[in-house]
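Here is the structure we will look at, set down as structure tokens.
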Amino acid sequence: MIDDQAQIRVIYEQQKKVSYSNICELFDLNFKKICRLIPLLPAITDDYIAKKDSLKNLHLICHEKYPYTGTYTLTHQYDLKSNIINRPNIHFKLYFDAQLLEVISVCKETKLNKCHSMHYNRSDLVSQWELNLFMLRWLEYFLDRYNGARWQKDK
């Protein structure tokens, strides 16, 4: 069994050869990382907030939760002129039975999804690869910063 870092390195090296198999590896790695970040995730049916030291609160928004799947958003919330803005606003679906995480969108209302420079010249596999690779990197960041954070229900 190879460790997370070795597995990530293998995936990065294969990036030029995007395949369904590579993307499934990302789905698997992202699921493992989100479960390390939020250990109670399979049981969460409400919105939660991670609080740690002086860091910005990390919000987990639960959109749907069923026995085998769940749809969530992981984000920071910023209050700008009485309008709440979510960034990075990572919307994803979990498949608890298969232990996979699939990114649905990242910052849907902004440039990342709408105005990608290669938007019309890329396949669905490449789009999935980019979104899930982004999630992998953000989860690594969140694990570094929020590991051991106190998760509590949002009021």
query: Does the cation-pi check pass for K65 over F96, that is, NZ or CZ under 6.0 Å from the six-membered ring centre and within 45° of its axis?
result: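 Verdict for F96: a cation-pi partner in K65.
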To the nearest 0.5 Å, tell me how far [X] [atom1] sits from [Y] [atom2].
| X | Y | atom1 | atom2 | result |
| --- | --- | --- | --- | --- |
| R36 | E140 | CZ | CD | 9.0 Å |
| L139 | I38 | CG | CD1 | 8.0 Å |
| C35 | L40 | SG | CG | 10.5 Å |
| Q128 | L133 | CD | CG | 12.0 Å |
| K32 | L100 | NZ | CG | 10.0 Å |
| I23 | Y20 | CD1 | OH | 8.5 Å |

Do the side chains of [Y] and [X] get nearer than 4.5 Å, heavy atoms only?
| X | Y | result |
| --- | --- | --- |
| W151 | L37 | yes |
| L101 | D28 | no |
| V106 | N89 | no |
| R150 | K52 | no |
| K33 | L136 | yes |

- request: Can you see which heavy atom on M135 is nearest to which on F92, and at what distance?
  value: CE-CD2, 3.7 Å
statement: Nearest heavy-atom approach of P42 to P39 is CD-O, 3.8 Å
Without placing hydrogens or testing angles, list every side-chain donor-acceptor pair under 3.5 Å for residues 55-62, not counting sequence neighbours.
{"residue": "K56", "atom": "NZ", "partner": "Q77", "partner atom": "O", "Å": "2.8"}

Flag, side chain of [X] to backbone of [Y], donor-acceptor distance under 3.5 Å:
| X | Y | value |
| --- | --- | --- |
| W129 | L26 | no |
| N132 | V103 | yes |
| Y95 | E102 | no |
| N30 | F27 | no |

message: Under 4.5 Å between side-chain heavy atoms, counting indirect links through other Ile/Leu/Val/Met/Phe/Trp/Tyr residues: same cluster for I34 and I49 or not?
response: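 Each belongs to a different hydrophobic cluster.
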field: Working for side-chain contact (heavy atoms from CB on, under 4.5 Å), residues L94 and L41
entry: CA-CA 10 Å; L94 292 175; L41 189 57; 3.1 Å; yes
- prompt: Is there a donor in the side chain of T71 and an acceptor in the side chain of H91, or the other way round, less than 3.5 Å apart?
  reply: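 Per modelled atom types, T71 and H91 side chains form no pair under 3.5 Å.
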query: In terms of the angle between their ring planes, are W138 and F134 parallel, tilted or perpendicular, with boundaries placed at 30° and 60°?
result: tilted
